[in-house]
Amino acid sequence: MKCKKCGQKASFNMRQHKLALCREHYLEWVPEQTERFIKKYGMFTREDRILVAVSGGKDSLSLWDILIRLGYQADGMYIGLGIDGGIQYSSESQRLTQEFAEARGLKLHVVDVEREHGQSIPMLAMKTHRGFDKPCSVCGLVKRHEMNRIARDLGYNVLATGHNLDDEAAVLFGNTLAWEGTYLLRQGPVLPAADGLARKVKPLCRFYEREMTAYALLSGIEYIYEECPFAEGSTSIYYKELLNQLETTRPGAKLTFYLRFLEARTNGLFREKPEVVQNMHPCSKCGQSTTAPDLCSFCRMIEKVK
Ligand code: AMP
Ligand code: FES
Ligand code: ZN
Ligand code: ZN
């Protein structure tokens with residue numbers, strides 16, 4: 001297999017794009033494509049202050065690397081979740097994120113959930129009985145809340161996450177199985193700013209997971225290989241496996257599924273329930289918008305465990 005650009009031996013082959021590239025040209029191709037998606041979906045410009053949520057995994061570290069290469073103003077934020085039994089998942093991912101930032105002279109904000117709110121994720125999950133063995137829903141709630149809070153408090157107007165195509169297709173698959181109209185409407189590469197919350201963007205949403213792994217490996221980024229220990233057996237991993245089976249027999253199926261959905265959404269196939277829009281108001285404690293009558297679900301949880 002030869003590189004399509006220079007004819008040298010290819011390092012990476014993408015069946016779904018009918019494209020093979022050598023290392024050098026692959027490391028050019030990924031940022032070029034990212035820049036194209038940023039423009040196509042109107043994500044941000046070089047004037048915006050971007051906060052990249054970095055987990056220490058291949059996607060978010062690569063995203064930060066790419067945005068810096070492209071000349072965007074991007075600082076990082078790491079959220080310490082306190083998931084440290086066995087493989088020391090949180091401390092290892094924090095170490096790798098900090099080393100990444102130091103080696104490149106980048107600014108990284110580190111937020112420790114336990115120091116900030118008195119409880120780690122496993123503690124919160126246990127005390128609220130929201131998943132004794134699976135704290136993932138509590139974790140998702142806390143991460144969303146903290147990302148919004150830091151972006152607002154530190155004056156960033158764009159919040160970028162490392163979600164890739166496999167992540168987005170799996171979420172889409174789940175929402176489609178249940179025809180979740182409101183969720184479907186809000187899923188996309190860009191969620192506009194609202195109620196004092198930063199605009200949310202996913203610049204890697206059109207890259208396959210294996211493309212991001214190749215980018216991280218070929219550019220020598222050190223990232224945490226392990227998944228969160230609680231992710232094992234999750235529904236989203238099951239959906240990813242199903243979609244991978246489909247992709248094996250029909251290369252490109254995953255990308256088509258996602259892109260056709262975006263088209264359908266643009267064409268007005270999904271509509272928000274009017275009562276959801278009307279019922280949004282700021283939480284009386286933290287100010288983030290919520291449909292709950294007084295406190296948002298994050299603040300209610302924190303109150304409950306106190
Ligand atoms: P996940 O929900 O683990 O699939 O992660 C999706 C995205 O959320 C990642 O690509 C990151 O941008 C962000 N993220 C996940 N965990 C953290 C963390 N501990 N700190 C900061 N950002 C995170
Ligand atoms: Fe949050 Fe696994 S439970 S990353
Ligand atoms: Zn080449
Ligand atoms: Zn709140």
Side-chain angles (χ1 to χ4, degrees), residues 1-13 19-29 50-64 66-67 74-87 89-94 96-98 100-101 108-114 120-126 130-151 159-168 170-171 200-205 207 209 212 216 218 223-224 226-234 236-237 239-240:
M1 193 76 67
K2 291 207 165 95
C3 171
K4 192 170 179 178
K5 299 223 166 133
C6 68
Q8 309 253 31
K9 190 172 172 293
S11 302
F12 191 56
N13 180 30
L19 180 66
L21 294 169
C22 69
R23 174 177 177 275
E24 183 195 336
H25 286 117
Y26 187 67
L27 293 181
E28 278 176 13
W29 181 80
I50 306 161
L51 185 63
V52 186
V54 271
S55 64
K58 61 184 186 321
D59 304 300
S60 47
L61 285 176
S62 296
L63 171 61
W64 201 7
I66 293 165
L67 295 185
D75 296 342
M77 165 187 44
Y78 174 84
I79 305 172
L81 304 165
I83 299 177
D84 265 335
I87 59 158
Y89 175 73
S90 286
S91 16
E92 256 313 277
S93 53
Q94 178 167 346
L96 290 164
T97 307
Q98 280 174 326
F100 177 95
L108 174 70
H109 307 283
V110 176
V111 186
D112 188 89
V113 173
E114 185 169 359
S120 69
I121 297 295
M123 281 152 76
L124 279 172
M126 204 146 63
R130 281 179 58 162
F132 179 78
D133 55 335
K134 283 244 170 285
C136 303
S137 81
V138 169
C139 180
L141 172 68
V142 171
K143 282 195 283 202
R144 259 193 316 280
H145 189 274
E146 293 298 282
M147 286 179 195
N148 287 332
R149 182 176 70 86
I150 300 297
L159 179 64
T161 53
H163 293 94
N164 59 38
L165 177 65
D166 293 46
D167 298 325
E168 293 303 285
V171 171
K200 291 188 182 150
V201 298
K202 298 169 186 166
L204 305 182
C205 65
F207 288 109
E209 171 148 13
M212 293 323 299
L218 293 174
Y223 63 91
I224 185 154
E226 285 84 10
E227 291 259 4
C228 164
F230 295 113
E232 208 187 306
S234 68
S236 71
I237 291 190
Y239 290 162
K240 281 183 184 176

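The structure displayed is predicted, hence computed values, not measured ones. Both counts, for ligands and for their atoms, begin at 1 and track the order of listing.
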* By atom name, which N, O or S atom belonging to His25 lies closest to the Zn ion (ligand 3)? ->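 Output for this pair reads ND1.
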* To do: Would you please determine whether Glu227 falls within less than 4.0 Å of ligand 2 on a heavy-atom basis?
  => no
* Under a heavy-atom criterion of less than 4.0 Å, does Cys136 contact ligand 2? ->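 Yes, that is the case, since the closest heavy atom of the residue is under 4.0 Å from the ligand.
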* To do: Below 4.0 angstrom from a heavy atom of Cys228, which ligand 2 atoms are there? Numbered from 1 as shown, please.
  => 2 (Fe), 3 (S), 4 (S)
* Asked: If you count the atoms of ligand 2 from 1 in the order shown, which ones are under 4.0 Å from a heavy atom of Cys139?
  ->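 This gives 1 (Fe), 3 (S), 4 (S) as the contact atoms.
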* Residue that, paired with Val54, satisfies side-chain contact (heavy atoms from CB on, under 4.5 Å) out of Leu96, Leu108, Asp59, Ile79 ->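 The passing option is Leu108.
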Quick check: do [X] and [Y] have side-chain heavy atoms less than 4.5 Å from each other?
{"X": "Leu81", "Y": "Cys139", "value": "yes"}
{"X": "Leu19", "Y": "Phe12", "value": "no"}
{"X": "Tyr26", "Y": "Cys3", "value": "no"}

Checking a contact table here: which protein heavy atom is nearest [atom], and how many Å away?
{"atom": "atom 23 (C) of ligand 1", "answer": "Ser55 CB, 3.7 Å"}
{"atom": "atom 5 (O) of ligand 1", "answer": "His163 NE2, 4.5 Å"}
{"atom": "atom 9 (C) of ligand 1", "answer": "Gly162 N, 3.9 Å"}
{"atom": "atom 20 (N) of ligand 1", "answer": "Ile79 N, 2.9 Å"}
{"atom": "atom 2 (O) of ligand 1", "answer": "Lys143 NZ, 3.7 Å"}
{"atom": "atom 11 (C) of ligand 1", "answer": "Ala53 O, 3.2 Å"}

Could you list the atoms of ligand 1 found under 4.0 angstrom from a heavy atom of [X]?
{"X": "Ser60", "value": "10 (O), 11 (C), 12 (O)"}
{"X": "Met77", "value": "21 (C)"}
{"X": "Thr161", "value": "12 (O)"}

* Asked: Has Val54 got any heavy atom lying under 4.0 angstrom from an atom of ligand 1?
  ->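 Yes; Val54 lies near enough to ligand 1 that a heavy-atom distance drops under 4.0 Å.
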* Asked: Taking 4.0 angstrom as the limit, do Lys240 and Asp167 come out as a salt bridge?
  ->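 Salt bridge present between Lys240 and Asp167.
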* Asked: Does the pair Lys58/Glu209 count as a salt bridge with the N-to-O cut at 4.0 Å?
  -> yes
* Backbone or side-chain N or O of Leu81 under 3.5 Å from ligand 1 N or O -> no
* Enclosure of Glu28 CD (heavy-atom neighbours >12, cutoff 6.0 Å) -> yes
* Angle in degrees, rounded to 10°, that SG of Cys6 and SG of Cys3 form at the Zn ion (ligand 3) ->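 So the angle at the metal works out to 110°.
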Would [X] and [Y] count as having a side-chain donor-acceptor pair, cut-off 3.5 Å?
{"X": "Ser60", "Y": "Tyr223", "answer": "no"}
{"X": "Lys202", "Y": "Asn164", "answer": "no"}
{"X": "Asp84", "Y": "Ser90", "answer": "no"}

* **Backbone of Leu218 reached by a side-chain donor or acceptor of Arg23 within 3.5 Å** => yes
* Should the proximity of Met147 to ligand 1, defined as any heavy atom under 4.0 Å, be assigned to the side chain, the backbone, both, or neither? ->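 Side chain only.
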* To do: Scan the protein's non-hydrogen atoms and note whether one is under 4.0 Å from atom 16 (N) of ligand 1.
  => yes
* Asked: Closest approach of Ala170 and Ser236, non-hydrogen atoms and distance?
  ->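 In this case the closest contact between Ala170 and Ser236 is CB-O, 4.0 Å.
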